[in-house]
Amino acid sequence: MTTISYQKEIPFVKRFFGLSFAILGLVLFITTLSVMPIIFIVIGLGLNVAEGSEIDLTSKTYRSIHSLFGIKIGKWNPIPDFEYVSVFKTKENQTVRVVTAETIQTYDIIHVNLFYNRNKHITFFKTNNKKEAFKVAEHFKLALDIDILDATESEKKWL
């Protein structure tokens, strides 16, 4: 099976806190036999879920995945007839809330989208590293025999 798979890396600190919460919840559950520590386990495991996508070139299917410790979950769908791959620079917002305060952080992000039916697209990869995004786009170009559109600057260009 020829599968192209991309998964967003979980930062070390997030992984550490997630595992700590899960272990703490497990220890509390075993020692107290209470249901409340299950909340810690669920939060801990949730912090360790990675998102990504896969394309199976043999069966011509794709899926968005959620992965926990290497176990990938996602529904396979048929691949549409992709016309081109676009590397697109945009901004994403992340809202951080504390009990009485809220702030919104904005940061640059680069999407690798596969377009079909003229203007429909599927985002297969997100990163903040332009070089990494073009490496992924080049992989899609070779595997699917499509062109790359560089939309990271104000003037778009075909590669």
Participant: Nearest 0.5 Å, please: how far is CE in Met36 from CD1 in Ile41?
Facilitator: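 Output value for this atom pair is 12.0 Å.
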Participant: Kindly say whether Gly44 contributes a backbone atom to a donor-acceptor pair with the side chain of Asn48 at under 3.5 angstrom?
Facilitator: yes
Participant: Once side chain to side chain donor-acceptor pair (under 3.5 Å) is applied, what residue pairs with a partner in residues 12-38 remain, sequence neighbours excluded?
Facilitator: none
Participant: So Leu159 and Leu149, do their side chains get closer than 4.5 Å, heavy atoms only?
Facilitator: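 Leu149 does not reach Leu159 side chain to side chain.
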Participant: As a quick check of understanding, evaluate side chain to side chain contact (heavy atoms under 4.5 Å, CB included) for Asn77 and Lys75, giving each step before the final call.
Facilitator: CA-CA 6 Å; Asn77 298 304; Lys75 182 181 177 229; 3.8 Å; yes
Participant: How close do Leu57 and Ala143 get, counting heavy atoms only, and between which atoms?
Facilitator: CD1-CB, 3.8 Å
Participant: Do Tyr116 and Ile122 have side chains that approach each other closer than 4.5 Å (heavy atoms only, starting at C-beta)?
Facilitator: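 Yes - at least one pair of side-chain heavy atoms lies under 4.5 Å apart.
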Participant: Could you tell me if the side chain of Glu138 sits less than 4.5 Å from the side chain of Ile148, heavy atoms only?
Facilitator: yes
Participant: Answer with yes or no whether the hydrophobic clustering places Ile146 together with Val136; edges join I, L, V, M, F, W, Y residues whose side-chain heavy atoms lie under 4.5 Å apart.
Facilitator: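 In one cluster with Ile146: Val136, yes.
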Participant: Scan residues 148-159 for pairs that pass side chain to side chain donor-acceptor pair (under 3.5 Å), counting only residues two or more places apart or in two chains.
Facilitator: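 Passing the test, one end in residues 148-159: Lys130-Thr152, Lys130-Glu153, Asp150-Thr152.
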Participant: Above 12 or not: heavy atoms from other molecules or residues under 6.0 Å from CD1 of Ile71?
Facilitator: no
Participant: To the nearest 0.5 angstrom, please state how far the OH atom of Tyr62 sits from the CG atom of Asp56.
Facilitator: 13.5 Å
Participant: Could you check whether any side-chain heavy atom of Ile109 comes within less than 4.5 Å of a side-chain heavy atom of Asn128, counting everything from C-beta outward?
Facilitator: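 Not touching, per the 4.5 Å side-chain cut-off.
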Participant: Hey, what do you get for OH (Tyr107) to CD (Glu92), rounding to the nearest 0.5 Å?
Facilitator: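 Between atom OH of Tyr107 and atom CD of Glu92 there are 4.5 Å.
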Participant: Shortest non-hydrogen contact from Ile65 to Ser53?
Facilitator: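 Reported closest heavy-atom pair: CG1-N, 3.7 Å.
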Participant: With a 3.5 Å cut-off and no angle check, do the side chains of Asn113 and Thr123 form a donor-acceptor pair?
Facilitator: yes
Participant: Is there a side-chain contact between Lys120 and Pro80, using heavy atoms and a 4.5 Å cut-off?
Facilitator: no
Participant: List the steps, then state whether side chain to side chain contact (heavy atoms under 4.5 Å, CB included) holds for Leu19 with Leu47.
Facilitator: CA-CA 8 Å; Leu19 288 174; Leu47 289 171; over 6 Å; no
Participant: Identify the two heavy atoms, one from Ala133 and one from Val112, that lie closest to each other, and give their separation to 0.1 Å.
Facilitator: O-CG2, 3.7 Å
Participant: Check each of Phe88, Tyr6, Phe140 against Phe124 using the ring pair (Phe, Tyr, Trp, His ring centres under 6.0 Å) test, and report the only one that passes.
Facilitator: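 So the option named by the test is Phe140.
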Participant: How many angstroms lie between CZ in Phe82 and CG in Asn117, if you round to the nearest 0.5 Å?
Facilitator: 10.0 Å
Participant: When rounded to the nearest 0.5 angstrom, what distance separates CZ in Arg63 from CD1 in Ile55?
Facilitator: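 Reported value, rounded in 0.5 Å steps: 12.0 Å.
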Participant: With a 4.5 Å cut-off on side-chain heavy atoms, are Glu132 and Phe125 touching?
Facilitator: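 Yes, side chains in contact.
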Participant: Under a single-linkage definition using a 4.5 Å side-chain heavy-atom cutoff for Ile, Leu, Val, Met, Phe, Trp and Tyr, are Leu68 and Ile10 assigned to the same hydrophobic cluster?
Facilitator: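 No, it is not one cluster - the side chains of Leu68 and Ile10 are not joined through contacts under 4.5 Å.
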Participant: Do other residues, nucleotides or ligands put more than 12 heavy atoms under 6.0 Å from Phe17 CZ?
Facilitator: no
Participant: Compare all side-chain heavy atoms of Asn129 with those of Ile110 and state whether any distance is below 4.5 angstrom.
Facilitator: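 No, every pair of side-chain atoms sits at 4.5 Å or beyond.
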Participant: Heavy-atom count check: over 12 atoms from other residues, nucleotides or ligands less than 6.0 Å from Phe134 CZ?
Facilitator: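 Count over threshold, so yes.
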Participant: If the test is side-chain contact (heavy atoms from CB on, under 4.5 Å), which one of Leu28, Leu26, Val27, Leu33 qualifies with Ile30?
Facilitator: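 The residue from Leu28, Leu26, Val27, Leu33 that satisfies side-chain contact (heavy atoms from CB on, under 4.5 Å) with Ile30 turns out to be Leu26.
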Participant: Tell me the closest heavy-atom pair linking Gly25 and Pro37, and the distance in Å.
Facilitator: O-CB, 3.2 Å
Participant: Would you check if Lys72 and Glu54 make a side-chain contact, meaning some heavy-atom pair closer than 4.5 Å?
Facilitator: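 Of all side-chain heavy-atom pairs linking Glu54 with Lys72, at least one is under 4.5 Å.
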Participant: Heavy atoms only: give me the nearest Tyr84-Arg118 pair and the separation to one decimal.
Facilitator: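 Of all heavy-atom pairs spanning Tyr84 and Arg118, the closest is OH-O, 4.3 Å.
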Participant: What distance do Leu114 atom CG and Ile79 atom CD1 have between them, rounded to the nearest 0.5 Å?
Facilitator: 9.0 Å
